[in-house]
Amino acid sequence: MIQDLFVPSVTPFGDDGSIDVDALIAHCDWLLSSGASGLMLFGTTGEGSSLSVAEKVTTAKAVVAAFPDVAVIASVMENALPDIADAVRAFNELPLAATLVLPPSYLRESQSDGLRELFELILEVCEHPLIAYHIPGLAPAVAASIVVDLPMWGAKDSGGDITYTDAVLAGGKPVMVGAEPLLLASMQHGASGGICGVGNVAPALIAEVCRAARDGRIDDAQRALDVVVRLQRAVIDAAPDMEWIAAFKAIAGSLHGTDLGSVRLPLKSRRNYLTPEVLAALEEAANLGMAEES
């Protein structure tokens, strides 16, 4: 079942630049033991656009083998239609909960008819539930009507505008939210949960937001979400532009002790991301977590 917190895991790299599968499995084990309901591989946080299809398939095989009872979503972020189809077909061979597809990110097409036809072609070859990745800051927006009209599972909404989530929900399709500040409000509107990058460093708190929202404990959910958002802001301040991906690796590694390596070019890791503000936010998150356990 695709609901509550799915973490779009970072992708660890070894010193030789290859994917460190053992480190990824250790990181995923920590995420799941901290409360995550499922995993998403190779998304924006997982540097999916920097990985080959062959790397993704080999890595996904290892992850689903390590966690056979866990729902895993694999992401397609290729740009050429033949490559998109090849990735979807390869993922068909794995026991995934769903396949998520990002529209070709180099396009800025304002009309949606081309995207509709693209998703129609993808649906012809996809054997898993298909999730549209709506992240208009990085790729063409996927019109809510496409998600509603076509036989896909629903959408991951990382657009930061709750009206999009509302439109998809009104059409009878599920939504997983990618914008952490809107997680609680979106779940109150009917969203299934979140695919939240900050889950790489605060899985227990975001899992609590989802549980509390589902249980109707809105004050508890808001309290946890406020801490999550403060942590997110501290990380973004410490890691400008897309460096938050490198920051998540460094911060997560400091929390569970597994070296998650650096990032793949053209991204760079340029600084120490464990700033006083980040450390203070992590301490606040840990203290809140201990208070909830007691």
Side-chain angles (χ1 to χ4, degrees), residues 2 5-14 17-32 36-64 66-67 70-79 83-84 87-88 90-91 94 96-103 105 128 131-135 137-139 156 158 176-180 194-203 206 232 235 239 241-253 256 258-269:
I2 301 172
L5 172 62
F6 273 57
V7 178
S9 176
V10 296
T11 301
F13 296 110
S18 64
I19 296 175
D20 187 338
V21 175
D22 290 339
L24 175 59
I25 290 173
H27 179 59
C28 289
D29 185 64
W30 178 73
L31 297 173
L32 295 166
S37 299
L39 305 166
M40 191 182 89
L41 304 175
F42 322 128
T44 304
T45 306
E47 301 175 70
S49 61
S50 299
L51 307 176
S52 70
V53 173
E55 286 178 311
K56 292 177 183 179
V57 172
T58 299
T59 304
K61 282 182 179 178
V63 172
V64 296
F67 307 105
V70 172
V72 177
I73 301 169
S75 307
V76 176
M77 299 184 72
E78 280 62 38
N79 281 317
D83 293 335
I84 294 172
V88 169
F91 288 153
L94 302 178
L96 300 172
T99 298
L100 178 142
V101 175
L102 176 78
S105 58
H128 294 305
I131 301 175
Y133 191 1
H134 174 71
I135 182 167
L138 295 178
K156 179 190 177 188
S158 294
M176 292 290 280
V177 180
E180 285 87 349
I195 300 176
C196 300
V198 184
N200 280 281
V201 295
I206 304 181
Q232 182 182 44
V235 172
D241 299 322
M242 297 291 285
E243 280 193 48
W244 49 265
I245 298 174
F248 282 165
K249 293 184 182 184
I251 295 166
H256 55 56
T258 297
D259 183 2
L260 301 179
S262 187
V263 287
R264 183 168 281 183
L265 292 171
L267 296 180
K268 292 281 289 181
S269 178

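All residue numbers in this chain count up from 1 along the given sequence.
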Rounded distance (nearest 0.5 Å) linking atom CZ of F13 with atom CG of L51: 5.0 Å

Atom pair OG/CD1 of S262 and I245 - distance to nearest 0.5 Å: 11.0 Å

Step-by-step side-chain contact (heavy atoms from CB on, under 4.5 Å) determination, I73 to I131: CA-CA 9 Å; I73 301 169; I131 301 175; 3.9 Å; yes

Euclidean distance, M176 CE relative to I195 CD1, rounded to 0.5 Å: 4.5 Å

Contact summary for A74 and L96, nearest pair of heavy atoms: CB-CD1, 3.6 Å

With sequence neighbours excluded, residues passing salt bridge (Lys or Arg N to Asp or Glu O under 4.0 Å) with E47: K249

Contacts of type side chain to side chain contact (heavy atoms under 4.5 Å, CB included), residue A87, not counting sequence neighbours: V53, V76, E78

Parallel, tilted or perpendicular, as decided by the 30° and 60° cut-offs, for the rings of W30 and H256: perpendicular

Spacing of OG1 belonging to T44 relative to CG belonging to L138, to within rounding of 0.5 Å: 5.5 Å

Flag side-chain contact, heavy atom, 4.5 Å: S158 against Y133: yes

Minimum side-chain heavy-atom gap S105-M77 below 4.5 Å: no

Test item: L32 and F67 side chains (from C-beta on) under 4.5 Å apart, heavy atoms: yes

Rounded distance (nearest 0.5 Å) linking atom CD1 of I84 with atom OG1 of T99: 12.5 Å

Within-4.5 Å side-chain heavy-atom neighbours: T59 and T11: no

Validation row: H27, T258 side chains within 4.5 angstrom (heavy atoms): no

Atom pair CG (L5) and CG (L39), whose distance is rounded to the nearest 0.5 Å: 9.0 Å

Shortest non-hydrogen contact from E55 toward I19: CB-CD1, 3.8 Å

Polar side-chain atom of N200 near backbone of P8 as donor-acceptor pair, under 3.5 Å: yes

Minimum heavy-atom distance V201-A252, with the two atoms named: CG1-N, 3.8 Å

Nearest heavy-atom neighbours spanning A62 and I25: O-CD1, 4.0 Å

Heavy-atom closest pair, residues G197 and T45: CA-OG1, 4.0 Å

Beyond-backbone contact of K156 with M40, side-chain heavy atoms, under 4.5 angstrom: yes

Closest heavy-atom pair and its distance - F91, S75: CE1-O, 3.6 Å

